[in-house]
Amino acid sequence: HQTPVITIDGPTASGKGTVAALVAARLGFHLLDSGALYRLAALASLRYDVAPDAADALVALVDDLHITFREGLAQLDGVDVSDDIRAEAIGNRASAIAVHQPVRAALVARQRAFRKQPGLVADGRDMGTVIFPDAALKVFLTASVEARAERRYKQLIQKGFSANMDDLLRDLRERDARDTNRAAAPLKPAADAKLLDTSALSIDEAVDQVVQWYGAQ
Ligand code: C5P
């Protein structure tokens, strides 16, 4: 493939979304926030009353999803839902529907369509392992669960949601376990991924490292 991809995978609130957006801006690349796609599907399932365990109905829903989804903006049925999809309840529901292999398969083409010149930065759980196995650079971002809960807390408060540290820690652990232990595209570093622990790194330091790795190839 001619168009380079940088994949940034990792657990919830590891900072991958922020780092991916900044790396994309720095290189002038497109951005795919694949978690937002799962969150849009989760929001749609709530609106259209499709249960998170009804895999077949979810596939039909996903195939018919009317979304516009571009760098930081997400629309469902023509209405901006960029903030709605950030709620913790939607993240948890996204994680519940993401366990179904047919649902994941139904989202593959939409994700690959983001690969356009001059390049793409894609963040998620399986960008390096499943969606873009031929990526030029694969990064796996980690951070301690405490560091991630703190970041998520600040993020939620900033967006005007209420948040509680104990609930966040419990939610993160549950979501980690579900994303890591599921049979379909479990969260794990690709064999050729570079590991980056951001617990003690600033955002700028993490971005610098990724750009440096990309440039050094
Ligand atoms: O990254 P974010 O928290 O927005 O993702 C929400 C949920 O969507 C994750 O917990 C995960 O279960 C699912 N997801 C996934 N594969 C991706 C991106 C997100 O399964 N590539």
Side-chain angles (χ1 to χ4, degrees), residues 5-21 31-46 52-53 55 58-59 61-62 65 67 69 71-74 76 81-115 120-133 135 138-143 145 148-149 151-156 159 161 163 168 170-190 193 198:
V5 180
I6 299 174
T7 59
I8 303 185
D9 289 305
T12 298
S14 56
K16 61 188 174 354
T18 308
V19 170
L31 178 67
L32 166 62
D33 169 4
S34 62
L37 199 51
Y38 284 91
R39 286 168 180 266
L40 277 166
L43 185 64
S45 76
L46 204 59
D53 58 352
L58 286 168
V59 169
L61 180 81
V62 160
L65 214 51
I67 55 175
F69 168 48
E71 350 260 277
L73 260 187
L76 177 62
V81 292
S82 312
D83 287 336
D84 307 60
I85 59 169
R86 293 297 144 202
E88 272 306 282
I90 296 299
N92 286 327
R93 195 175 176 96
S95 158
I97 71 169
V99 301
H100 306 297
Q101 175 55 38
V103 173
R104 307 194 67 84
L107 288 170
V108 169
R110 278 190 208 256
Q111 295 175 80
R112 291 193 178 143
F114 278 77
R115 188 173 197 167
L120 174 68
V121 180
D123 86 81
R125 303 292 186 290
D126 62 343
M127 296 298 98
T129 49
V130 176
I131 306 297
F132 303 109
K138 300 179 185 179
V139 178
F140 194 84
L141 276 196
T142 54
V145 71
R148 290 187 285 132
R151 286 176 193 164
R152 180 51 57 90
Y153 181 86
K154 287 189 188 142
Q155 225 176 43
L156 287 169
K159 288 194 193 289
F161 290 107
L168 279 175
R170 194 198 53 229
D171 275 5
L172 281 182
R173 289 196 174 102
E174 266 177 30
R175 193 115 66 94
D176 282 355
R178 188 155 51 191
D179 289 351
T180 307
N181 297 326
R182 70 186 176 205
L187 172 67
K188 63 157 195 252
T198 65

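One-based numbering, in listed order, for ligands and for the atoms of each. Numbering of residues begins at 1 and proceeds along the displayed sequence. Here the structure is a predicted model, which means the values were calculated and not measured.
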Original post:
Could D171 and R152 be called an ion pair, given the rule that one side-chain N must be under 4.0 Å from one carboxylate O?
Top reply: no
**OP:** Taking all non-hydrogen atoms of both residues into account, name the closest pair between A94 and A42 and its distance.
**Re:** N-CB, 3.6 Å
Subject >> Numbered atoms of ligand 1 (with element) below 4.0 Å of A98, judged on heavy atoms >> reply: 12 (O), 13 (C), 20 (O)
**OP:** Please could you name the atoms of ligand 1 that M127 approaches to less than 4.0 Å, counting only its heavy atoms?
**Re:** 21 (N)
Subject >> Numbered atoms and elements of ligand 1 in range of K16, under 4.0 angstrom, heavy atoms >> reply: 1 (O)
Original post:
In terms of atom number and element, which parts of ligand 1 are under 4.0 angstrom from non-hydrogen atoms of R39?
Top reply: 2 (P), 3 (O), 4 (O), 6 (C)
**OP:** For side chain to side chain donor-acceptor pair (under 3.5 Å), just list the numbers for R125 and T12, CA-CA rounded to whole Å, side-chain angles, deciding distance to a tenth of an Å, and then say yes or no.
**Re:** CA-CA 9 Å; R125 303 292 186 290; T12 298; 3.1 Å; yes
Original post:
Is there side-chain contact between I67 and L37, with at least one heavy-atom pair below 4.5 Å?
Top reply: yes
Original post:
Centroid-to-centroid, F114 to F132, below 6.0 Å?
Top reply: no
Subject >> Salt-bridge present (R86, D33; N to O < 4.0 Å) >> reply: yes
Subject >> For ligand 1, the portion of R182 having any non-hydrogen atom under 4.0 Å away >> reply: side chain
Original post:
Nearest protein heavy atom to atom 12 (O) of ligand 1, by residue and atom, and its distance?
Top reply: D179 OD1, 2.7 Å
Original post:
Should R104 be counted as touching ligand 1, given the test is an N or O pair under 3.5 Å?
Top reply: yes
Original post:
What residue and heavy atom of the protein are closest to atom 1 (O) of ligand 1, and at what distance?
Top reply: R125 NH1, 2.9 Å
Subject >> Closest protein heavy atom (residue, atom, distance) for atom 8 (O) of ligand 1 >> reply: Y38 CB, 3.5 Å
Original post:
At what distance is the nearest protein heavy atom to atom 7 (C) of ligand 1, and which residue and atom is it?
Top reply: A94 CB, 3.8 Å
Original post:
Rounded to the nearest 0.5 Å, how far apart are CZ of R110 and CG of L40?
Top reply: 9.0 Å
Original post:
Which one of R170, R175, R39 satisfies the salt bridge (charged side-chain N to carboxylate O under 4.0 Å, His left out) criterion with E88?
Top reply: R175
Original post:
Looking at ligand 1, does any of its N/O atoms fall within less than 3.5 Å of an N/O of R175?
Top reply: yes
**OP:** If you have a sec, work out which protein heavy atom is nearest atom 18 (C) of ligand 1 and how many Å separate them, to one decimal?
**Re:** S34 OG, 3.4 Å
